[in-house]
Structure formats: C-alpha cells, structure tokens
Participant: 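Okay, handing you the structure first.
Atoms within each ligand, like the ligands themselves, are counted from 1 in listed order.
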Amino acid sequence: MNIRDRYEMARDIYASIGVDTDAVLEKLGKVRISMHCWQGDDVRGFDQDGPLTGGIQATGNYPGRAGTPEELMADIDMALSLIPGRHKLNLHASYAIFENGEFVDRDRLEPRHFRRWVEYAKARGTGLDFNPTFFSHPKANPFTLSSPDEEIRRFWIDHGKACIRIAEYFADELGMPCCLNIWIPDGYKDIPADRYSPRARYKDSLDQILSVGYDRRKVLISLESKVFGIGLESYTVGSAEFCIKYAAEKGLLYLMDNGHFHPTEMVSDKIASMLLFDEKIALHVTRPVRWDSDHVVLLDDETREIAKEIVRCNALDRVMLALDFFDASINRVAAWVTGMRNMQKALLYALLTPHEKLRKLQDEGRFTELMVLQEELKLYPFGDVWNYFCDMNGLPGREDWLEKVKEYERDVLSRRKQA
Ligand code: RNT
Ligand code: ZN
C-alpha cells in the first residue's frame, strides 16, 4: 500500500472521532519553528576562539563541526532541505560575520555585520530571530548585566541595545517580526551573601536597554529564566520570578526553556497560566536529561504535552516556538532534522487529538473513558498522516531522510579539517 492509500485509511479513522486530517495538515504546514543556528557548531560562534562559558555545555566531538559562516550556512541548508515547511532561523550575536579583516566587539555590533544572514534568509524565505550573547566572552565572568563592575555592566548594556537595532533590521528586511531573547548566565556557585543587589542591577540594566525605544510590532523581546547552571548551582540572577515579573511589568514575553526548572516541574503545565495573562509567550523546547543538558528534542511525553497545550489553548499564533539544544556527540545535521521533525510531529499529534471530546469527558467527570481514549489515541495511525505530510512536501518520510544526511556526511562533513 502506498503513502496516499495509507493516509486515506488514516483519514477515515480520524474522521470517526471528529478529526479532519486535511485541515490539520494545512494548519501544521503554516507553523514556523525557530531553528537555532548553534546546534551546527557546538555554540562556538564566529567572534572569538575561547571556550563555551555561561554554565552551559556541548559535550562530544563528532567530526564535521561547522567552523566558518559558509560551512554553517551549508549545514543549515542541508537540514532545512529535509524539514517540511518554512521556518525561522535563530541567530546569536556571536554569529556576526566580519568581512575584510574588520572586527568589532559585541558592544559595537551593527546591522551590517549580519547582512549576509539577511541575504541568506531572504533567499530561502525563512525569518530570523535573534539573541544577544552574554557568554563566551572575556567580559562575562559570568557576570554581565548584573555585574557589580560598572564598566562591565555598561559594556553589556551597550550590547543589548546594539542587538535591538539588529533585530529591528531583521524585521524590516524580512517583513516578519523578529523575536529577541535575553538570557544571562549571571549567578553564584555557592550561597550568596546578597541576592537582592544583583537582581536590582539586572533590572536597571534591562531598563536601560529598553530605553533605546523600538517598534514593538517588529521586535518581540523575551526574557528567559533559569534555575541553575554549571558552576551556578546556588543562585541565578534571572530566576523565574524575576523574569515573569519583569516581563509582565514591561510587556515583554516570558520565555520558558523546559530545561530551566526543577526536574519535576513541567513547562507544559505552565503554558495555560501564562496564556491567561499574556498575549504572547515564548518557548525554548529542549530535552534535559538529569540536568539542563540540552539533548536533542524527542517525541517524548513532555514535548507532546507542550504541543497539546499550545493546540488546545488555540495558541499556535501566540506561542513563539524555538528549539534549543546542542549535541556534539552525533551528526549535527541529523540532530537538527530530528529535533525539528519531532517538534512538528508533536504538533501533528496534538492537532489530531479530539480535544473537544476529551474536554467534555473531563467536565462530565467521565475519567475512566477519558483515560482509555487518551491511551488508545497513542496507537491511532498517526505515522501514516506524518508520512503523507512529508510526501506532500516532497520529502522522504520515516527514517529515509537519514540517507541524505549520510551522503552529506561522506561528501562534505568528513572532509572538513577540524580546528
Ligand atoms: C542557556 C539558555 C540559552 C542558551 C542559548 C544558546 O541555558 O537555554 O537559551 O542555550 O541562548
Ligand atoms: Zn534556552
């Protein structure tokens, strides 16, 4: 039986529980996910040679890491060519491209240092999102926007301002809003003597950054919280409460990364509460394994639950969806494709769920039926709908895409000289 026949059978089965698979596929095809550029080079960037700092870590040394803008762009192309739909590319400021021997530090970055990324995005119809880079830099030790050293703090405030201008440039050039996410690594390994002042300085720094003024329809600024980092186990300046309150006060988006909470705290459970109060929220979907390890996103329970929350709150246009992982132990292009496809699969699964029916069972207290139906839905012919979606987009379904990545590894990645 071919892909189309299998889809038609699946369509009938879903129709019997009131789900219109054709409408679902149309919806799914329109969802843009922001794909992070930093999976391609283990978060190194182009503006410095030092190690990755900030309490995050990419472990592994799989051959073929992108070392230049050209290599990274080629790898992103390879990944995008195997991911259905049109998406956004998420850049960090450390991926500035300097030409003709020029170099400027992060406080002096300008839109022109990202011109080639804009050309890249335009040629491919992808949007661009952006992030100031408050780590992997001699002035991030790890204090940046909360630093007690006024000169250091000034440097990072200027970096934040520069990034807003660059985000505005992206939005103007691409005719699509640009999400700008602020995350700082500032924190303490051991019990601090003062929890208040660093947060007061962070607050003041953010006030100064936002004082540049920008068009809020073009640039959506989000604030990402985190409960701990490596070497920052006892205290982070940008805690959840800090970020939620600051974002609420200033009308920014609160960004939840599902690796940034206590291990039994679930981001999927937080989405509805945030959506009740905020027009838009932002997510970094990742996979924490025992810690904020940033493993590749799988089609696991939490990813599916996150997708279900977004879909049943009818919030596909209110949740800015971005991925955030960096695994250096496997083929990096395959990591991207796997993570992006899994996010799409989770959304597809959520869209194929008869939410109204389930809601009714919940409201009527019919919890046995609710459990049974939710469990049986797991074995509905979801894969047949997914494979048809890939086929519709001219792409191989199932695991067949991996052959292309293997060819690319053989012809391109394995020939790279490793720095
Ligand atoms: C770190 C945060 C942050 C970074 C990226 C590179 O814990 O999740 O989002 O991973 O900005
Ligand atoms: Zn993140």
Side-chain angles (χ1 to χ4, degrees), residues 33-48 50-59 66 72 88-96 106 128-137 140 142 144-145 156 159-160 163 166-167 178-187 221-233 235-240 242-243 247 252-263 265 267 270 281-297 302-303 306 319-328 332 335-336 339 343:
I33 301 168
S34 191
M35 188 174 96
H36 53 310
C37 75
W38 53 89
Q39 163 60 53
D41 73 337
D42 315 339
V43 210
R44 288 182 192 229
F46 307 133
D47 70 344
Q48 55 95 39
L52 173 58
T53 72
I56 54 180
Q57 222 167 58
T59 56
L72 187 60
K88 290 180 102 181
L89 179 64
N90 204 359
L91 295 176
H92 245 285
S94 51
Y95 291 80
R106 292 192 192 157
L128 285 178
D129 290 326
F130 199 48
N131 303 258
T133 311
F134 296 105
F135 54 82
S136 299
H137 187 281
T144 62
L145 293 177
W156 291 111
H159 177 54
C163 287
I166 294 162
C178 172
C179 296
L180 179 110
N181 178 50
I182 297 178
W183 169 72
I184 60 165
D186 305 30
I221 300 186
S222 60
L223 206 53
E224 179 179 11
S225 66
K226 186 166 182 174
V227 69
F228 86 104
I230 299 172
L232 313 159
E233 287 83 358
Y235 168 88
T236 59
V237 180
S239 62
F242 178 96
C243 293
L252 307 183
L253 281 67
Y254 176 48
L255 186 145
M256 292 183 283
D257 176 311
N258 60 307
H260 290 193
F261 295 87
H262 295 287
E265 246 187 304
V267 164
K270 301 173 187 294
I281 62 168
L283 295 181
H284 272 181
V285 180
T286 187
R287 179 164 53 108
V289 179
R290 305 193 189 285
W291 63 288
D292 179 35
S293 58
D294 291 291
H295 280 58
V296 177
V297 168
E302 176 59 356
T303 308
I306 287 173
V319 179
M320 307 293 112
L321 251 186
L323 304 189
D324 183 12
F325 52 79
F326 24 101
D327 190 336
R332 294 168 184 81
W336 263 320
M343 189 69 243

Participant: Which distance, rounded to the nearest 0.5 Å, do you find between the CG of Leu255 and the NE2 of His260?
Facilitator: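 Between atom CG of Leu255 and atom NE2 of His260 there are 8.5 Å.
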
Participant: Please tell me whether Asp324 and His284 have a donor and an acceptor in their side chains that are separated by less than 3.5 angstrom.
Facilitator: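 Note: Asp324 and His284 side chains meet the donor-acceptor criterion.
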
Participant: Is His260 close enough to the Zn ion (ligand 2) that one of its N, O or S atoms comes in under 2.8 Å?
Facilitator: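 Checking the Zn ion (ligand 2) against His260, no N, O or S atom falls under 2.8 Å.
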
Participant: Report the name of the N/O/S atom of Glu224 located nearest to the Zn ion (ligand 2).
Facilitator: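 Per the distance ranking, Glu224 contributes OE2 as its closest N/O/S atom to the Zn ion (ligand 2).
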
Participant: Say whether Ser34 and Asp129, considering side chains only, have a donor N or O and an acceptor N or O under 3.5 Å apart.
Facilitator: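 Checked: Ser34/Asp129 side chains pair up, N/O donor to acceptor below 3.5 Å.
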
Participant: Could you identify the N, O or S atom of Asp324 positioned closest to the Zn ion (ligand 2)?
Facilitator: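 Looking at Asp324, the N, O or S atom with the least distance to the Zn ion (ligand 2) is OD2.
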
Participant: Considering only NZ, NE, NH1 and NH2 on the basic side and carboxylate oxygens on the acidic side, decide whether Arg332 and Asp42 come within less than 4.0 Å.
Facilitator: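 A salt bridge links Arg332 with Asp42.
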
Participant: Check whether the ring centres of Phe325 and His295 lie less than 6.0 Å apart, and answer yes or no.
Facilitator: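 That pair fails the under 6.0 Å test.
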
Participant: Give the atom name of whichever N/O/S atom in His284 sits closest to the Zn ion (ligand 2).
Facilitator: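 Atom name of the closest N, O or S in His284: ND1.
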
Participant: Could you list, one pair per line, each nitrogen or oxygen of ligand 1 together with any protein nitrogen or oxygen closer than 3.5 Å, giving atom names and the distance rounded to 0.1 Å?
Facilitator:
from, atom 1, to, atom 2, distance (Å)
ligand 1, 7 (O), Lys226, NZ, 2.7
ligand 1, 7 (O), His260, NE2, 2.9
ligand 1, 7 (O), Asp292, OD2, 3.3
ligand 1, 8 (O), Glu224, OE2, 3.0
ligand 1, 8 (O), Asp257, OD2, 3.0
ligand 1, 8 (O), His260, NE2, 3.0
ligand 1, 8 (O), Asp324, OD2, 2.8
ligand 1, 9 (O), Glu224, OE1, 2.7
ligand 1, 9 (O), Glu224, OE2, 3.2
ligand 1, 9 (O), His284, ND1, 3.2
ligand 1, 9 (O), Asp324, OD2, 3.0
ligand 1, 10 (O), Asp324, OD1, 3.2
ligand 1, 10 (O), Asp324, OD2, 2.8
ligand 1, 11 (O), His92, NE2, 2.7

Participant: State, to 0.1 Å, how close Glu224 and Asn181 come at their nearest heavy-atom pair, and which atoms those are.
Facilitator: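 Nearest heavy atoms, Glu224 then Asn181: OE1-ND2, 2.9 Å.
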
Participant: Please say which of Phe130, Phe46, Trp38, Trp183 ends up in a ring pair (Phe, Tyr, Trp, His ring centres under 6.0 Å) with His92.
Facilitator: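 It is Trp38; the other options fail the test.
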
Participant: With no hydrogens and no angle check, do the side chains of Asp47 and Tyr95 hold a donor and an acceptor under 3.5 Å apart?
Facilitator: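 No - no donor-acceptor pair under 3.5 Å links their side chains.
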
Participant: Looking at the Zn ion (ligand 2), is one of the N, O or S atoms of Asp257 less than 2.8 Å from it?
Facilitator: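 Within the cut-off used here (under 2.8 Å), Asp257 does place an N, O or S atom near the Zn ion (ligand 2).
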
